[in-house]
Each structure stands twice: as C-alpha cells, then as structure tokens.
Participant: 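Could you have a look at this structure, given as structure tokens, before my questions?
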Amino acid sequence: MAELIFTDQNFDSEVLKSDVPVLVDFWAPWCGPCKIASPIVEKIAEEMADKPVKVGKMNVDENQSTSQQYGILSIPTFLVFKGGKVVDQIVGVPNAVALKTKLTSLLS
Amino acid sequence: MDYDVIIVGGGPAGLSAGIYASRRALKTLILTKDLGGQAATTPEIENYPGVDFTDGFDLMEKFRSQAEKHGAEIRAIEVEGIEKIEGGFKLKTPHDFFSAKAVILAFGLTPRDLGVPGEEKLKGRGVSSCVTCDGPLFKDKRVIVAGGGDHALDAAEFLAKIAAEVHIVYERDKFRGNAVLVEKVMKDEKIIKHLGKQISEIFGEQRVEAVTLQGSDSEKLPIDGVFVEVGYIANTKWLKDILSLDQRGQIIADKYCHTSAPGLFAAGDIVDMNFKQVVISAGEGAKAALEAYRYINHSEGKPIIPDWGFTKE
C-alpha cells in the first residue's frame with residue numbers, strides 16, 4: 001500500500017478503527033527536518049506495501065484538531081497506532097532501519 | 001574497500017565534497033543523520049553568492065540533487081565510530097560497517113543542551129532546539145527562549161509573531177548578539193526579558209508546564225514551550241583516538257583540509273575555523289574532496305597533476 005494522507009476527517013476511520021497497525025508521520029511544510037524524513041517514510045511505505053500495515057502522513061497545519069489532541073509539540077513526530085491506541089512514538093528524523101524494525105515487530 | 005571516499009555529514013561542506021568527489025569519478029558515499037545540516041533549518045539566506053535570497057532548505061536541496069546527479073550516494077545513517085584498517089578506514093553505523101580509502105569529516109556542530117533537570121525527558125514535548133520547525137506549533141501559547149546570541153534573539157523575534165507570551169532568559173546582564181538585533185529585541189514590548197538569570201529546571205509530566213528561573217532570586221514561570229538556543233558543541237568524542245582535536249573538540253585541519261591522520265580530511269563547521277558560513281563550508285568541502293582525490297591517487301601510485309598545469313612529484 002502506498003503512503004496515505006490522514007486528516008482530521010478520516011483519522012477516526014483510517015487510523016483509530018484500522019484493523020492493522022498504522023504509522024502516522026506528523027509534519028508541516030515549513031519544517032526542514034520533515035522534508036528530510038519524508039523520503040524515508042515513503043520508502044518504508046513502498047517496502048511494506050504487501051504487509052498488513054498502513055503508513056501515512058498528516059499535515060499538522062491543516063489538521064490542528066488531531067495534532068493538538070495527541071500533543072504534537074515537535075515535528076516530525078511519528079506515532080504508531082494499534083487498536084486505536086498509541087503504542088510507539090519517535091520524535092525527529094527517524095533511522096530507516098529502526099523504524100522498519102519497529103513496524104515489523106508489531107506484525108507478529 | 002566499499003567506496004573510494006566516504007563523507008560523514010550532509011550539510012554544505014559534505015554535499016559540496018560529494019559533488020566534487022563524484023565529479024572526479026570517485027565512488028562516493030555520504031553518510032548523514034540529517035540533510036542540509038544547520039543550513040537546512042535557516043529560514044533566510046541572503047549571502048550565498050549568486051543566490052539573492054533563499055530558504056536554507058531549498059538551497060540544501062539543490063546541493064543534494066547536484067551531488068546525486070553526479071553520482072554520489074546519500075544514506076540517512078548516523079556514524080558512530082571509525083577504525084583505521086589496511087588501505088583505508090572502516091566506519092561503524094548502528095546496523096552496518098562501511099569502508100573507504102579516504103574519509104571526509106564534515107558533520108558540523110550539534111546544538112548544545114541546557115543540561116538541566118527535566119530537559120532530556122521533555123524533548124519533543126515542549127523542549128525544542130528548532131524554532132523554525134516547532135515554533136508554529138506554539139500559536140497562542142507561552143514560550144521561553146534560552147540564550148543571548150543571534151540565534152536566541154532571532155528565535156524570540158520569530159516567536160513574538162506566533163505565541164501569546166514570549167520570554168527570553170540569558171545569564172549575563174546584556175545580550176551578546178549583533179547590535180541591530182539586540183536593539184530590536186530590547187524595543188519589542190511583546191518579548192519579556194529576563195537578564196542575569198538562567199533556567200535551572202524544567203517541569204512537566206506529559207509536556208512542559210513550567211520552568212524555574214534562577215538569578216539573585218528564584219521564580220517559577222508557567223510555560224508551554226522552551227526553545228534552547230545556547231550555542232553549539234563539537235560532537236567528536238568518537239574521533240579523539242584517531243586524530244587531533246582543539247580545546248573545544250573541533251577537528252584540527254591544515255589549509256589543505258588534512259587532519260593529523262593521513263587519509264582523514266575535514267571541512268566545514270566541525271573544523272577549527274573562526275567563521276561558520278555556508279559559502280565557506282561549501283568551498284572547504286570542495287577542497288577536501290580534491291585533496292582526498294589527490295591522496296587516493298598518490299597512494300595508488302598514479303600521477304598527480306596540479307590545477308595550475310605543470311607536473312611534479
């Protein structure tokens with residue numbers, strides 16, 4: 001599955017009620033490190049396309065309600081949701097291998 | 001050897017070195033934990049020759065695509081260690097090892113922490129060292145900037161346009177930034193100045209809730225965000241056994257970018273230079289790459305032709 005776009009509107013159905021774990025990349029256009037992280041996340045989305053996991057991004061500027069609800073105070077922040085709950089969090093540009101390992105471990 | 005040259009760092013010096021090394025047909029890898037370094041988070045650059053005005057990220061994006069276009073490979077991996085091996089060096093990263101005949105160290109400086117209780121725990125939860133990234137998330141909130149130099153003053157000005165309440169705290173009795181900026185901040189009534197004080201503790205459970213300002217007296221200030229702008233340090237402990245560092249931990253390099261270890265070159269802000277500027281780093285990076293090229297050819301017994309034409313050696 002390619003990288004998804006999450007919004008305040010679809011967050012409940014796409015993330016919280018998802019049957020599979022979801023990685024959400026909270027980002028904004030003004031943020032330099034987010035632009036660095038973006039290709040890393042896209043690559044993970046591609047590499048894990050055949051796995052039961054969703055990968056997507058949420059623009060914090062356009063979706064302030066969800067971002068505030070989860071207390072996003074630094075971007076990029078990555079939250080991993082499973083069964084509607086946050087099970088993992090990474091702040092800052094992630095290491096590609098570490099991020100993929102985290103997601104893979106949730107699949108078992 | 002996996003590569004001819006490995007460049008550690010992906011800011012102006014590292015990417016420029018990547019352009020020059022790959023254009024000399026060296027098999028080049030750039031290992032970097034971020035892309036564009038400090039320059040990428042600088043909102044406005046007006047002094048890069050040939051470019052009137054640019055956003056730091058856009059300029060670094062051009063450096064990156066130019067390096068890749070000429071054949072440099074870039075991987076977002078942080079280097080943790082280095083070891084001398086026969087005919088070159090081995091670099092350690094969290095999951096792999098990479099070897100090269102020559103290495104260019106161009107990983108710049110790292111923002112310094114305050115080193116107070118609560119800071120580490122609340123990083124990313126209200127404690128930030130990137131005002132251009134995280135500042136806009138503090139719309140209508142209360143924030144404090146720690147520091148008294150240009151970066152701190154810029155941060156306070158930037159936040160004054162976004163946040164509801166802006167404080168700046170600096171341990172000396174006068175800010176040390178450039179005069180124009182200091183005057184601007186001193187005149188800005190939106191910015192509350194706390195001179196002769198410093199943050200001694202940051203409080204909060206899930207997120208920042210307050211800081212203690214310590215001076216001749218002590219005051220607890222309710223706050224939502226702490227922006228740390230107290231300068232930079234050289235993160236070079238992993239190199240101390242292999243090359244010479246100065247008192248601040250910066251790498252000592254000569255005017256040819258040679259460090260004390262043959263085959264190890266250095267360029268940019270991590271070097272013991274007086275000025276930390278994008279154009280200087282870019283130039284030094286180019287120089288380091290050409291010196292590495294020369295070093296590799298020399299060690300392989302190939303002829304070295306200097307730029308001015310005549311041959312010696």
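Numbered from 1 within each chain, the chains take letters A, B, ... in sequence-line order. Keep in mind it's a predicted model, so treat the numbers as computed, not measured.
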Participant: Would you mind checking which part of A/I40 comes under 4.5 Å of any heavy atom in chain B, side chain (CB onward), backbone (N, CA, C, O), both or neither?
Facilitator: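 Only the side chain of A/I40 comes within 4.5 Å of chain B.
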Participant: Checking A/Y70 against A/F81 for the ring-ring contact (aromatic ring centres under 6.0 Å, His included) test, could you report, in this order, the C-alpha distance in whole Å, the side-chain angles of both residues, the deciding distance, and whether it holds?
Facilitator: CA-CA 12 Å; A/Y70 287 93; A/F81 290 83; 5.2 Å; yes
Participant: Between A/N63 and A/T7, do the side chains contain an N or O donor and an N or O acceptor separated by less than 3.5 Å?
Facilitator: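 No, because no side-chain N or O of A/N63 sits under 3.5 Å from a partner of the opposite role on A/T7.
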Participant: Just checking, is any N or O donor in the side chain of B/E165 or B/H167 under 3.5 Å from an acceptor N or O on the other one?
Facilitator: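 Yes - a donor-acceptor pair under 3.5 Å links their side chains.
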Participant: Side chains of B/K123 and B/S129 only: does a donor on one sit below 3.5 Å from an acceptor on the other?
Facilitator: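 Side chains of B/K123 and B/S129: no pair found under 3.5 Å.
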Participant: On the 0 to 90° scale, with breaks at 30° and 60°, tag the B/F107-B/W238 ring pair as parallel, tilted or perpendicular.
Facilitator: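 Tilted: the ring planes of B/F107 and B/W238 meet at 30° to 60°.
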Participant: For a salt bridge (charged side-chain N to carboxylate O under 4.0 Å, His left out) with B/D224, tell me which candidate from B/R207, B/R125, B/R142 qualifies.
Facilitator: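 Testing each of B/R207, B/R125, B/R142 against B/D224, the sole residue satisfying salt bridge (charged side-chain N to carboxylate O under 4.0 Å, His left out) is B/R142.
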Participant: Quick check, are the ring centers of B/H151 and B/Y232 under 6.0 angstrom apart?
Facilitator: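 So the answer is yes for these two rings.
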Participant: What residues of residues 11-31 of chain A sit under 4.5 Å from chain B when only non-hydrogen atoms are counted?
Facilitator: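 Within residues 11-31 of chain A, the residues that come under 4.5 Å of chain B (heavy atoms only) are A/W30, A/C31.
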Participant: Does any donor atom in the side chain of B/Q277 or B/Y48 lie under 3.5 Å from an acceptor atom in the other side chain?
Facilitator: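 The criterion, which ignores hydrogens and geometry beyond distance, is not satisfied for B/Y48 and B/Q277.
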Participant: Pick one of side chain, backbone, both or neither for A/Q64, based on which atoms fall under 4.5 Å of a heavy atom in chain B.
Facilitator: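 Neither; nothing under 4.5 Å.
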Participant: Chain B: which of A/D61, A/I72, A/T77, A/I75 shares the most heavy-atom pairs with it under 4.5 Å?
Facilitator: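 Looking at each option in turn, the highest pair count goes to A/I75.
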Participant: Identify which of B/P136, B/G10, B/G124 forms the greatest number of heavy-atom pairs closer than 4.5 Å to chain A.
Facilitator: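 Result: the option with the highest number of such pairs is B/P136.
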Participant: So for B/K139, is it side chain, backbone, both, or neither that comes closer than 4.5 Å to the heavy atoms of chain A?
Facilitator: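 Neither the backbone nor the side chain of B/K139 comes within 4.5 Å of chain A.
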